[in-house]
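Data block below; observations after.
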Amino acid sequence: MAPPLSFPLLLLTIIIFSSTLFSSLEARSGIHISSLISEDLYNSIFLHKDDTACPAKDFYPYSAFIEATQRFPSFGSRGSLATRKREIAAFLAQISHETTGGWATAPDGPYAWGLCFKEEISPGSDYCDSSNQQWPCYPNKTYQGRGPIQLSWNYNYGPAGKALGFDGLKNPEIVANNSVIAFKTALWFWMTEQKPKPSCHDVMIGRYKPTAADIAANRTAGFGLTTNIINGGLECGIGSDSRVNDRIGYFQRYAKLFNVDTGRNLDCASQKSF
């Protein structure tokens, strides 16, 4: 039997244990997010999300965002303080572009109008890939963009629902009807690797390791690569693109509000899509 611990050593052991326990609880509770983005900061980022002009008025409250982050404790909690802030700013920038209601001469500028929409208006298709047998479309259901990331296609709704506990194929509408689930789908897409694509999370925290194919395609780490992951087939590898520039504009504004630099490689103009 080991001798009893001396009081100073016992006290140190208790402190270390308590610190470890608190860190674990913090990761599970989402405290790490609310300590980096307060409700006041959130509302200063999304100045017009609850305007009557926005179809998503009152759909994206701060409380829903914070609750959704608890499902993904690694989000905004890995790396240095600057890395954590940069990841949150990048995520919010991407969902802002996907849901933007801004225009060039909009009040407070075009990058103050994120989270204005919760569902794609007048979609041009039902977004059903009938060739995908793993996630077959349900009769009379459509899989157009919904939620902060504008989750689209049956092959995204299916696995998102499976991961988050709802039937994405039979009940895709829930993404536009439940604020917490909406944010969870956006975070699921951000956090989940879908090979050959890395996760946006891994890119922003510096854990992305390019393959030989990535190197040949000039897919370098940075905010631009997250754009490639999200919509590279339409926006990347074609030179300067207004949609890409809009994403960058949001990121630059938010990075400034978080008092953090944006890092390098903001666009994907010279990257091949996945």
Side-chain angles (χ1 to χ4, degrees), residues 20-39 41-42 45-46 59-99 114-115 118 145-152 155-168 172 174-195 197-209 221 223 225-227 229-230 247 250-251 254-255 258 260:
T20 302
L21 178 61
F22 178 79
S23 297
S24 176
L25 290 172
E26 181 185 60
R28 290 199 302 270
S29 67
I31 294 173
H32 57 289
I33 294 296
S34 59
S35 67
L36 294 177
I37 175 168
S38 65
E39 186 166 8
L41 177 55
Y42 180 85
I45 286 172
F46 300 111
F59 186 69
Y60 294 114
Y62 174 75
S63 58
F65 169 65
I66 294 299
E67 182 177 344
T69 64
Q70 295 176 17
R71 174 63 177 76
F72 299 92
S74 294
F75 173 69
S77 68
R78 296 294 182 266
S80 66
L81 180 61
T83 297
R84 295 163 66 189
K85 288 182 175 181
R86 191 178 300 112
E87 181 188 9
I88 298 169
F91 170 78
L92 296 179
Q94 291 290 13
I95 66 172
S96 292
H97 169 79
E98 295 293 328
T99 58
L115 298 185
K118 63 177 182 175
R146 296 182 179 95
I149 204 76
Q150 290 292 280
L151 189 74
S152 305
Y155 51 74
N156 280 318
Y157 273 90
K162 182 178 180 180
L164 300 172
F166 70 94
D167 194 327
I174 196 172
V175 180
N177 294 329
N178 184 300
S179 301
V180 175
I181 289 177
F183 271 121
K184 283 182 178 180
T185 62
L187 286 162
W188 169 83
F189 188 92
W190 184 266
M191 301 294 295
T192 303
E193 177 185 24
Q194 298 185 54
K195 292 183 177 181
K197 297 179 181 182
S199 70
C200 296
H201 170 69
D202 281 352
V203 169
M204 292 307 301
I205 68 170
R207 200 159 59 190
Y208 164 63
K209 296 190 184 330
F223 181 75
L225 186 54
T226 68
T227 297
I229 292 167
I230 293 168
R247 296 176 192 273
Y250 272 112
F251 185 38
Y254 295 173
F258 275 97
V260 67

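Everything quoted here is computed from the prediction, not taken from an experiment. Count residues from 1 along the sequence.
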* To do: With sequence neighbours left out, write down each residue that passes side-chain hydrogen bond (donor to acceptor under 3.5 Å, both in side chains) with Gln150, or none if nothing qualifies.
  => none
* Reported CD1-to-OG distance for the pair Ile230 and Ser152, which is rounded to 0.5 angstrom -> 11.5 Å
* Taking atom CE of Met191 and atom OG1 of Thr69, what is their separation to the nearest 0.5 Å? -> 10.5 Å
* Asked: With Ala89, which residues qualify under side-chain contact (heavy atoms from CB on, under 4.5 Å), at least two apart?
  -> Phe251, Tyr254, Phe258
* To do: Answer whether the closest heavy-atom distance between the side chains of Phe75 and Ile88 falls below 4.5 Å.
  => yes
* Measure the spacing between CG of Leu81 and OG of Ser35 and express it to the nearest 0.5 Å. => 8.5 Å
* Structure fact -> Sorted by chain and residue number, the salt bridge (charged side-chain N to carboxylate O under 4.0 Å, His left out) partners of Arg86 (sequence neighbours excluded) come out as Asp261
* Any side-chain heavy-atom pair of Glu98 and Arg247 under 4.5 Å -> yes
* To do: Calculate, to the nearest 0.5 Å, the distance between atoms CG and CZ belonging to Asn177 and Phe59 respectively.
  => 6.5 Å
* N/O donor-acceptor pair under 3.5 Å between Ser77 side chain and Ser74 backbone -> yes
* Residues which pass ring pair (Phe, Tyr, Trp, His ring centres under 6.0 Å) with Tyr155, listed by chain and number, not counting sequence neighbours -> Trp153
* Thr99 and Lys118, any side-chain heavy atoms less than 4.5 Å apart -> no
* Asked: Partners of Ser179 by side-chain hydrogen bond (donor to acceptor under 3.5 Å, both in side chains), sequence neighbours excluded?
  -> none
* **Listed partners of Ala186 passing side-chain contact (heavy atoms from CB on, under 4.5 Å), at least two apart** => Phe91, Ile95, Pro148, Ile149
* **Non-neighbouring partners of Ser80 that pass side-chain contact (heavy atoms from CB on, under 4.5 Å), sequence neighbours left out** => Ala82, Thr83
* **Spacing of CD belonging to Glu87 relative to CE belonging to Met204, to within rounding of 0.5 Å** => 7.0 Å
* Asked: Among all residues two or more places apart in sequence or in another chain, which pass the ring pair (Phe, Tyr, Trp, His ring centres under 6.0 Å) test with Tyr60?
  -> Phe183
* Could you list the residues that satisfy side-chain contact (heavy atoms from CB on, under 4.5 Å) with Asn178, not counting sequence neighbours? => Ile174, Val180, Ile181
